[in-house]
Number of protein chains: 2
Amino acid sequence: MAETRRTFTRDDPESRRADLVAAVLDLTAEAGPQGVTVRAIAERAGVTQGLIRHYFATKEALIDAAYTAHMAAQTEAARAAAGPEADPPLDRLRRFIAASLTPPVSDSRTISLWAGFIHLIRRDPAMLATHERSYLAFRDQLQALIVRALAERDRLPGADEARRLAIACNAVLDGLWFEAGALPDAFAPGEIVAIGSGAIGTILALPLANEKER
Amino acid sequence: MAETRRTFTRDDPESRRADLVAAVLDLTAEAGPQGVTVRAIAERAGVTQGLIRHYFATKEALIDAAYTAHMAAQTEAARAAAGPEADPPLDRLRRFIAASLTPPVSDSRTISLWAGFIHLIRRDPAMLATHERSYLAFRDQLQALIVRALAERDRLPGADEARRLAIACNAVLDGLWFEAGALPDAFAPGEIVAIGSGAIGTILALPLANEKER
DNA sequence: CCAGATATTATGCATCCGTATAATTTCTGG
DNA sequence: CCAGAAATTATACGGATGCATAATATCTGG
């Protein structure tokens, strides 16, 4: 009655790493740091736990890789959200706002991931650096969109004023992201985007609100 | 060389429970769920781990109690923030905004606590109910302050519009709470309150910005 | 001041955790 | 088609964790 050894197929190292990273992100989103054990990661990725150590020196190294991959994906999604550079600045800003307030950027998964990682970020300088870089990249992009949309109407805020506007608009986005993620059933479809566009439009004195959604 | 048994003094049950609850909150804020072990809780509270079970059936019950206590304190702090009912509505709204964006309501501790509890909230219906109740209590209070400040100037928004304004203003507060807590060193003192007052003042078309801080 | 009640400590246990290491299967180049 | 490389599995280990239970010190009522 000797247990037969589990069969397996070799896989591309890149693909295996990606599977392990995806498993960490799924588990972090679903159950928080407590649910992220090497055994759970291995099961989710469809391998045995020894393999993790073959690709990552420690569990912490794997989690670092997962966080970096997640933030890179988020940054890329934000970059793509505004659309072609050649489009009208106001349309680009509108699209950026809408994308920031709808899945996959804004949903309960990203909230859970943020919450699951924040304590590690506080402790690990490398993760903190990744965190700050990603945050500022997002805000700088928003600020650039704002400045161009204003410039189109011959309004040219100074650096300080541009920073203040970007922080305030970013706060609206973050706050609505937070509220939608924390209370997913408390808002009608499209309501969050409508409120966000309205509030940011008011702050910037720009016609952002989509008439169809009001 | 028999180890002498640790001396102790009996304490009021209420006080002991409060000590244990405070230990859980401190540990959650400092190290997240991973740092909240029965041994760490006991050490922080100055007792031995067996005592925890004497007051709470399980660790989970203690954590529930800690979360409930924290949310009650936050709700009470928000209630007190606006000041006397008799004061001018605009002043009360100003104070509420300032209090919401400064310690002890807004700091890295409350962010860490939120992050540390959010996964438990998702899993435990009782904690979820506490969470939603506290959130809506905060927003309802903000909405009432907004409506009164507008009414003072003979502006009477409908229920839908009042809700939209409250959600948007609340998003500004939540978003800035988030940003200040996530990047504590990225903002000058008073900058967050100034930006928040400015943005909310613009959204509501009310003179909220404090001239001294600009 | 003492005896009962109980708050508190001390110890033990089964389980899970991350990591280390050995055994085996799969794949590739010649 | 086979031999060597290495990807993958299997097993083991020390320590931590939550919970249970036994032992003991502290307090209170009479």
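Keep in mind the model is a prediction, meaning the values are calculated, not measured. In the text below, chain A, chain B and the rest are named by the order of the sequence lines, each starting its count at 1.
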Problem - Lys NZ or Arg CZ of A:Arg133 over A:Phe138 ring: under 6.0 Å, within 45° - result: no

Handout entry: Short side-chain N/O contact from B:His54 to OP1 or OP2 of C:dT8, under 4.0 Å
Key = no

Practice task
Check the pair A:Ser112 / B:Arg122 against side-chain hydrogen bond (donor to acceptor under 3.5 Å, both in side chains), numbers first and verdict last.
Solution key: CA-CA 10 Å; A:Ser112 288; B:Arg122 294 253 164 86; 2.4 Å; yes

Exercise for the section: Could you tell me whether A:Arg53 contacts a base, only the sugar-phosphate backbone, or nothing, with contacts defined as non-hydrogen atoms closer than 4.0 Å? Expected result: base

Problem - B:Glu191 side chain vs B:Ala188 backbone, donor-acceptor pair below 3.5 Å - result: yes

Practice task
Find out whether A:Leu62 and A:Leu20 are in side-chain contact, i.e. whether some heavy atom of one side chain is under 4.5 Å from a heavy atom of the other.
Solution key: yes

Fill in the blank from the handout: With a 4.0 Å cut-off (strictly under) to non-hydrogen atoms of chain B, the first and last hit nts on DNA chain D, 5' to 3', are D:dT17 to D:dC27

Practice task
Select base, sugar-phosphate, or nothing to describe what A:Arg10 touches, counting heavy atoms under 4.0 Å on all strands.
Solution key: base

Exercise for the section: For B:Ile52 and C:dT9, give me the distance from atom CD1 to atom C1', rounded to whole Å. Expected result: 13 Å

Fill in the blank from the handout: From CG of B:Asp12 across to C1' of C:dA7 the rounded distance in Å is 12 Å

Exercise for the section: Report yes or no: is the cationic atom of B:Arg79 (NZ for Lys, CZ for Arg) closer than 6.0 Å to the six-membered ring centre of B:Phe96, at no more than 45° off its axis? Expected result: no

Exercise for the section: Using atom CG of A:Leu51 as one end and atom P of C:dT21 as the other, report the distance to the nearest whole Å. Expected result: 17 Å

Completion exercise
Closest to the 5' end of DNA chain D, once B:Thr9 and B:Gln49 are matched to their nearest nucleotides, is B:Gln49

Practice task
Using a 4.5 Å cut-off on heavy atoms from C-beta on, say whether the side chain of A:His119 contacts that of B:Glu30.
Solution key: no

Exercise for the section: Compare all side-chain heavy atoms of B:Leu204 with those of B:Ile200 and state whether any distance is below 4.5 angstrom. Expected result: yes

Exercise for the section: Mind listing the residues from residues 18-29 of chain A sitting with a heavy atom below 4.0 Å of DNA chain D? Number order is fine. Expected result: none

Problem - Test item: side-chain donor near acceptor, A:Ser100 and A:Trp177, under 3.5 Å - result: no

Problem - Near-strand residues of residues 30-47 of chain A, defined as heavy-atom separation under 4.0 angstrom from DNA chain C - result: A:Val36, A:Thr37, A:Val38, A:Arg39

Exercise for the section: Would you indicate what B:Tyr55 reaches in the nucleic acid, counting non-hydrogen atoms under 4.0 angstrom: base, sugar-phosphate, or nothing? Expected result: sugar-phosphate

Practice task
Indicate yes or no: does B:Arg94 engage B:Asp91 in a salt bridge with an N to O separation below 4.0 Å.
Solution key: yes

Problem - Protein-nucleotide distance (A:Phe56, atom CZ; C:dG18, atom P), rounded to Å - result: 15 Å

Handout entry: pair B:Thr110-B:Pro104: side-chain heavy atoms closer than 4.5 Å
Key = no

Handout entry: Basic-acidic side-chain contact under 4.0 Å: A:Arg148, A:Glu85
Key = yes

Problem - Between C1' of C:dA23 and CZ of A:Phe8, the distance in whole Å - result: 11 Å

